[in-house]
Amino acid sequence: MLCFFHPHAIAPRYARAGNTTMNRARSDLPAALTRVGIVGGGQLARMMAQAAPPIGLSITVLDPTPDCPARAFAEQLVGEFDDPGQLAALSTGAAVVTLDIEAVTAACLEALERSGTRVAPSARVLSIIQDKLHQKEFLKAQGLPTSDFCAVAPQNHAAVVEFGMPCVLKARRHGYDGRGVKIVRRLSDAEEMLHVPCLVEKLVDIEKELAVMIARNWRGEIATYPVVEARFDPRVNILDMIQAPASIPPDVAARCILLARQAVEALAGVGIFGIEFFLARGGDVLINEISPRPHNSGHYTIEACATSQFEQHLRAVTDMPLGPTTLLRPAASFNLLGAPGAHGRPVIEGLALARARGAAVHLYGKHTVKPFRKMGHVTVTGDSVEEALATAETLQHALKVTGVDA
Ligand code: ADP
């Protein structure tokens, strides 16, 4: 079955993009709603905006692309993430400003903080996390376990050789979804990365990749979600399948939860954080990286947990009491990526089967598809994690996002 995406089929349309119309539309909103500003209007902001009304919040996003994914459920200011004027407009009347992406500069957030706006994650947290080298230095300074690493300046091939191969070379900034990560077995593998400042890490012999979502509010209350297991698509390093809970011994799960708490407390972070771990062969648990926002590996919480990661993030940043994080049903979740070669207007195949199997299909309202672009995700719950995984794997093969010329 073919089905066109209807990005705004159920969307309230408070405003067309642009400042003037937004101000006019704002008066249509119930005055009692507390407003949250989000830098970025992608799928994470979209899912935050969907979670906002039941807890009395309304959302405004700042995004350069008119009619961005969050726009279906939120007001939008059209502008660059680091446009000082638009950031000031975003913060005006907002209880707090938070992030959908880490592309804004920490200096911009600092300027908002100086003007008296509550910002979560804070400029300090963003500056630590945004730069993978700073993040690793922070983990090391806190005594938190992470793979050995060292800084590599552009074109410094000797530093890679000295560190030793095989290793993993990572761009310090702007890497995401595996872009900016390269396993280096011989020096020629390093070539494509060495034009930017990097860090090099020891190649971990990974048994499993694990992740924990953890929320902390301004009062320091913490809530943790179950440990999940992640599989990656080796072609593009994008998260392939999440299973909740992970199939790991209880002591490994307890160790991940403890480390997640220690990391977020050390950061004094506010909001939800995705903490990614490597369970190394031999049993060591290492922190790979921290995301200061809702995370792909937490999408399953929408259907499977008592409080979704998106509601929890909003609760944390607006200093509400945190919601319960109980896993109601085992779950499996996977991304809907643009098919290889796909371009144009997105078309989804296989929806009828997904409906028949009771899966939740989340589409992000993106107007164009590209190969491996995240177009949505699917979550399946089951009586057991094996049952959820089996259904999810069937659907992963059946669902396909291709494109037609617009
Ligand atoms: P991104 O920020 O783009 O998600 P990551 O640092 O999480 O990048 O790396 C992406 C993937 O690369 C990881 O999920 C893991 O599979 C692999 N990887 C990263 N660092 C290492 C490492 N030190 N050893 C082995 N594999 C690694």
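Order of listing sets the numbers, starting from 1, for every ligand and every atom in it.
Of all atoms in ligand 1, numbered sequentially from 1 with element shown, those under 4.0 Å from a heavy atom of K170 are 5 (P), 6 (O), 19 (C), 20 (N). The contact set between ligand 1 and E209, taken as ligand atoms under 4.0 Å from a residue heavy atom, comprises 13 (C), 14 (O), 15 (C), 16 (O). Close contacts of ligand 1 with I206, meaning ligand atoms under 4.0 Å from a residue heavy atom, involve 25 (C), 26 (N). Within ligand 1, counting atoms from 1 as listed, the ones closer than 4.0 Å to a heavy atom of V181 are 8 (O), 9 (O), 12 (O). Within the listing of ligand 1, atoms 22 (C), 23 (N), 24 (N) sit less than 4.0 angstrom from a heavy atom of K202. Less than 4.0 angstrom separates some heavy atom of E276 from each of these atoms of ligand 1: 7 (O).
When non-hydrogen atoms are compared, ligand 1 lies under 4.0 Å from the backbone of L203 as well as from its side chain. Of all the heavy atoms of I183, none lies under 4.0 Å from any atom of ligand 1, so neither backbone nor side chain is involved. Counting heavy atoms under 4.0 Å from ligand 1, residue V204 touches it through both backbone and side chain.
Between atom CD of residue Q312 and atom CD1 of residue I272 there is a gap of 5.5 Å, rounded to the nearest 0.5 Å.
Looking at every heavy atom in both residues, L87 comes nearest to C108 through CD1-CB, 3.6 Å.
For the ring pair (Phe, Tyr, Trp, His ring centres under 6.0 Å) condition, the pairs that include at least one residue of residues 374-400, sequence neighbours left out, are H299-H377, H362-H377, Y364-H377.
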Using atom types as modelled, flag every donor-acceptor pair under 3.5 Å from a side chain in residues 139-147 to any protein atom, sequence neighbours excluded.
unit_1	atom_1	unit_2	atom_2	d
T146	OG1	K136	NZ	2.8
T146	OG1	I287	O	2.7
S147	OG	K136	NZ	2.9
S147	OG	E201	OE1	3.2

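Between the Q309 side chain and the F273 main chain, no donor and acceptor come within less than 3.5 Å of each other. Formation of a donor-acceptor pair under 3.5 Å by the E113 side chain with backbone atoms of A123 is found in this model.
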TODO: Check the pair R35, T60 against side-chain hydrogen bond (donor to acceptor under 3.5 Å, both in side chains), reporting the backbone distance first and the verdict last.
DONE: CA-CA 7 Å; R35 205 161 62 79; T60 302; 2.7 Å; yes

